[in-house]
Amino acid sequence: MTTRVAIVGGTGKLGGVIREVVDAEDGYEVSAVLTSKSDMSELDGADLVIDASTPAVSIDIVRAAIERGINVLVGTSGWSNERIALVRPLVDASGTGVVFIPNFSLGSVIGTALAAAAAPFFPSIEIIEAHRETKVDSPSGTAVRTAELIAAARAEVGPVESPHVDQRARGQRVASIPIHSLRRPGVIARQETVLSGPGESLTIVHDTIDPATAYAPGIRIALAAAREATGVVIGLDSFIDIGVRTRPVPAEAPIADGDVSGQVAGATSA
């Protein structure tokens with residue numbers, strides 16, 4: 001049986017990569033390609049919606065799919081744990097499934113898991129992430145997810161040490177971890193998690209060099225999982241065993257300290 005897939009944001013960079021993967025997969029066909037301005041009635045008839053749109057409209061797309069009883073695979077950035085909590089009751093009530101993937105790269109998922117595993121052993125942790133200048137949201141969804149998992153891993157030892165965070169140049173705190181976002185030409189995606197303790201530091205770096213090649217394996221995994229999912233599922237690591245265990249982030253956990261994260265603010269202002 002063929003799964004009909006509607007891709008919102010299918011003309012964008014990520015959407016184009018996703019469309020190529022769907023076209024190449026047996027048992028799937030692209031039934032509709034929508035933009036962020038398309039009428040949501042174009043989702044009708046789809047068996048699965050893939051959201052690769054923008055943070056400003058993503059929540060409306062997810063809600064529209066849920067209302068139609070259609071499962072959703074969300075690749076759009078801007079979905080913090082705080083924002084996911086807004087749609088979780090709708091998902092549970094409808095019996096549908098929504099899979100949120102902050103990053104389709106297997107290397108990125110492993111890097112985040114390693115950072116979370118090391119987090120209890122280092123009192124100071126900061127994240128530096130860089131993306132091309134066209135990325136509209138910051139911090140990145142990957143950085144937010146990394147910070148959330150680090151905070152969950154540090155539940156027994158407490159928040160990280162982050163002095164002088166009242167100064168804007170110290171970055172934006174997410175779950176107590178300062179995140180510094182760079183938006184510049186000449187880079188695709190790069191994240192550094194710097195963990196520091198007395199007399200030493202550990203830096204975990206992930207670079208995306210070719211998005212199409214890097215994301216395709218993860219997209220295939222998420223595509224199959226989203227078709228059968230029930231409830232809210234977060235992260236590619238939910239479907240693969242990378243040999244590094246992380247603590248789940250509490251569903252009610254806020255992501256920002258004293259302020260709303262930049263990406264959530266941008267996403268909810270429309």
Suppose the criterion is ring pair (Phe, Tyr, Trp, His ring centres under 6.0 Å): which pairs have a residue in residues 100-145, not counting sequence neighbours?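 Of all non-adjacent pairs touching residues 100-145, those that pass ring pair (Phe, Tyr, Trp, His ring centres under 6.0 Å) are Trp79-Phe100.
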
Any donor-acceptor pair under 3.5 Å linking the side-chain atoms of [Y] with those of [X]?
{"X": "Asp137", "Y": "Ser77", "result": "yes"}
{"X": "Ser36", "Y": "Ser53", "result": "no"}
{"X": "Thr142", "Y": "Gln191", "result": "no"}

Quick check: do [X] and [Y] have side-chain heavy atoms less than 4.5 Å from each other?
{"X": "Thr193", "Y": "Thr203", "value": "no"}
{"X": "Asp60", "Y": "Met40", "value": "no"}
{"X": "Gln172", "Y": "Pro178", "value": "no"}

So, the side chain of Ser138 versus the backbone of Ser140: is there a donor-acceptor pair under 3.5 Å, distance only? no

Where the side chain of Ser80 meets the backbone of Arg83, is there a donor-acceptor pair that is under 3.5 Å apart?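 Yes: the side chain of Ser80 pairs with the backbone of Arg83.
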
Listed partners of Tyr215 passing ring-ring contact (aromatic ring centres under 6.0 Å, His included), at least two apart: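 Result, ring-ring contact (aromatic ring centres under 6.0 Å, His included) vs Tyr215: none returned.
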
Enter the distance from [X]:[atom1] to [Y]:[atom2] here, rounded to the nearest 0.5 Å.
{"X": "Asp39", "Y": "Lys37", "atom1": "CG", "atom2": "NZ", "answer": "14.5 Å"}
{"X": "Thr3", "Y": "Tyr28", "atom1": "OG1", "atom2": "OH", "answer": "5.5 Å"}
{"X": "Ile204", "Y": "Leu195", "atom1": "CD1", "atom2": "CG", "answer": "5.5 Å"}
{"X": "Thr96", "Y": "Asn71", "atom1": "OG1", "atom2": "CG", "answer": "6.0 Å"}
{"X": "Leu34", "Y": "Thr11", "atom1": "CG", "atom2": "OG1", "answer": "9.5 Å"}
{"X": "Asn103", "Y": "Asp237", "atom1": "CG", "atom2": "CG", "answer": "11.0 Å"}

Is there a path of hydrophobic side-chain contacts, each under 4.5 Å between heavy atoms of I/L/V/M/F/W/Y residues, joining [Y] to [X]?
{"X": "Leu14", "Y": "Leu106", "result": "yes"}
{"X": "Val165", "Y": "Val174", "result": "no"}
{"X": "Val144", "Y": "Ile128", "result": "no"}
{"X": "Val98", "Y": "Leu90", "result": "yes"}

State plainly whether the residues [X] and [Y] are in salt-bridge range, i.e. N to O under 4.0 Å.
{"X": "Arg227", "Y": "Asp47", "value": "no"}
{"X": "Glu192", "Y": "Arg190", "value": "yes"}
{"X": "Glu126", "Y": "Arg173", "value": "no"}

Around atom [atom1] of [X], are there more than 12 heavy atoms of other residues, nucleotides or ligands at under 6.0 Å?
{"X": "Glu200", "atom1": "CD", "answer": "yes"}
{"X": "Arg154", "atom1": "CZ", "answer": "yes"}
{"X": "Lys135", "atom1": "NZ", "answer": "yes"}

Verify side-chain contact (heavy atoms from CB on, under 4.5 Å) between Ile70 and Ile66, making sure each step is shown before the conclusion. CA-CA 6 Å; Ile70 307 172; Ile66 294 170; over 6 Å; no

Under the criterion side-chain contact (heavy atoms from CB on, under 4.5 Å), I'd like the reasoning laid out for Ile209 against Ile188: C-alpha separation, chi angles, the key distance, then a yes or no. CA-CA 7 Å; Ile209 299 167; Ile188 296 174; 5.7 Å; no

Using side-chain contact (heavy atoms from CB on, under 4.5 Å), reason through Ile7 and Asp51 one step at a time and then give a plain yes or no. CA-CA 6 Å; Ile7 305 176; Asp51 174 28; over 6 Å; no

Excluding sequence neighbours, so at least two apart, what forms side-chain contact (heavy atoms from CB on, under 4.5 Å) with Gln167?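 With sequence neighbours excluded, Gln167 shows a side-chain contact (heavy atoms from CB on, under 4.5 Å) to His164, Arg170, given in chain and number order.
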
Which is it for Val72 and Leu48 under the side-chain contact (heavy atoms from CB on, under 4.5 Å) test, yes or no, and what are the steps along the way? CA-CA 6 Å; Val72 193; Leu48 176 66; 5.8 Å; no

